[in-house]
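Let me begin by presenting the structure, written as structure tokens, before commenting on it.
Computation of the quantities below employed the complete heavy-atom set of this structure, encompassing side-chain atoms and omitting hydrogens, waters and symmetry-equivalent molecules. The chains referred to below are lettered A, B, ... by the order of the sequence lines, with proteins before strands, and numbering in each begins at 1. This structure is a prediction, so every number in the text was calculated from the model and none was measured.
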Amino acid sequence: MACHISVRVQAESFDAGAEAACLAHGRTELGAIVTFTGLCRDEGGTLAALEIEHYPGMAEAEISRVTEDASGRWPLEAILVIHRFGEIKPGEPIVLVITASAHRAEAFEAAAFLMDYLKTRAPFWKKQHLVDETSAGWVEAKEQDDAAARRWKE
Amino acid sequence: MKALYFAWVREKIGKSEEEISPPDSIATVGELIAWLSHRGEEYAQAFATGTVRVAIDRAHVKYDAAIGRAGEIAFFPPMTGG
């Protein structure tokens with residue numbers, strides 16, 4: 001059976017548990033579900049909020065390309081990706097990746113692959129707003145994220 | 001074609017989008033960036049970092065990619081989502 005892929009780019013928050021339950025509902029062929037949620041950190045109490053800018057249209061298209069790549073690499077039954085934009089406060093979720101498969105290995109690997117690729121390919125940019133209001137700055141891309149994405153190339 | 005600018009590229013250039021009409025001699029993304037950089041100090045500063053990424057019609061491309069009949073070309077910093 002083909003992998004069921006769902007991609008959402010939205011300002012609203014989400015409930016990871018409810019999304020996983022909805023995805024698994026009535027799917028008796030599933031043996032494994034991996035749910036990854038990326039959260040907004042408070043950076044030691046210094047961060048007031050993140051402002052996430054995105055490229056509407058390309059964000060959905062690029063995430064879809066990455067999910068199709070994942071479904072070609074691993075025998076997955078379902079993939080759900082949600083990425084938020086706009087203002088996000090510490091403690092709130094930013095990104096959700098759910099992978100479902102018959103066995104755990106492919107669900108774990110595909111979820112890690114999806115996150116590594118999303119961070120370096122999906123057109124989103126984070127700006128930090130600090131508690132002391134002295135400055136707001138764009139988060140710089142990290143070499144370690146590029147390295148994490150490269151490990152899937154071999 | 002429509003040019004789009006995001007994040008600090010948008011802030012440095014001072015606008016989020018505009019219509020641009022490069023001459024026919026501009027064939028690649030790299031040539032288009034050089035052409036844009038001559039339009040003003042704000043463009044030159046945005047592109048001088050050498051880190052600006054480019055997408056044509058909502059797909060990533062490299063600097064040696066042909067512009068062809070692109071309808072929409074976007075310029076933005078390395079991605080920091082996730």
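Both the backbone and the side chain of Arg121(A) come within less than 4.5 Å of a heavy atom in chain B. Only the side chain of Ile94(A) comes within contact range of chain B, judged by heavy atoms closer than 4.5 Å. Interface residue Glu140(A): only backbone heavy atoms are found under 4.5 Å from chain B.
Between Trp138(A) and Glu11(B), the closest side-chain pair of non-hydrogen atoms falls below 4.5 Å. Contact of the Glu62(A) side chain with the Arg58(B) side chain is not registered, since no non-hydrogen atoms from C-beta on lie closer than 4.5 Å.
Residues of residues 23-40 of chain B having a heavy atom under 4.5 Å from any heavy atom of chain A: none. Residues of residues 72-80 of chain B having a heavy atom under 4.5 Å from any heavy atom of chain A, listed by number: Glu72(B), Ala74(B), Phe76(B), Pro77(B), Pro78(B), Met79(B), Thr80(B).
In the hydrophobic cluster analysis, where Ile, Leu, Val, Met, Phe, Trp and Tyr join through side-chain heavy atoms closer than 4.5 angstrom, Leu80(A) is grouped apart from Val9(A). Clustering ILVMFWY residues whenever any of their side-chain heavy atoms sit less than 4.5 angstrom apart, transitively, puts Leu4(B) in a cluster other than the one holding Phe124(A). No chain of hydrophobic side-chain contacts below 4.5 Å, direct or via other Ile, Leu, Val, Met, Phe, Trp or Tyr residues, connects Met58(A) to Val66(A). Linking Ile, Leu, Val, Met, Phe, Trp and Tyr whenever their side-chain heavy atoms come within less than 4.5 Å leaves Ile5(A) and Leu23(A) in two separate clusters. Taken together through direct or relayed side-chain contacts under 4.5 Å among Ile, Leu, Val, Met, Phe, Trp and Tyr, Leu130(A) and Leu50(A) form part of one hydrophobic cluster.
Among the candidates Glu51(A), Lys127(A), Met115(A), the residue making the largest number of heavy-atom pairs closer than 4.5 Å to chain B is Lys127(A). Highest contact tally toward chain B, considering only Ala61(A), Gly38(A), Ala122(A), is held by Ala122(A) [criterion: heavy-atom pairs under 4.5 Å].
Other residues, nucleotides and ligands contribute more than 12 heavy atoms inside 6.0 Å of the OH atom of Tyr63(B).
Between the side chain of His83(A) and the backbone N or O of Gly82(B) there is at least one donor-acceptor pair closer than 3.5 Å.
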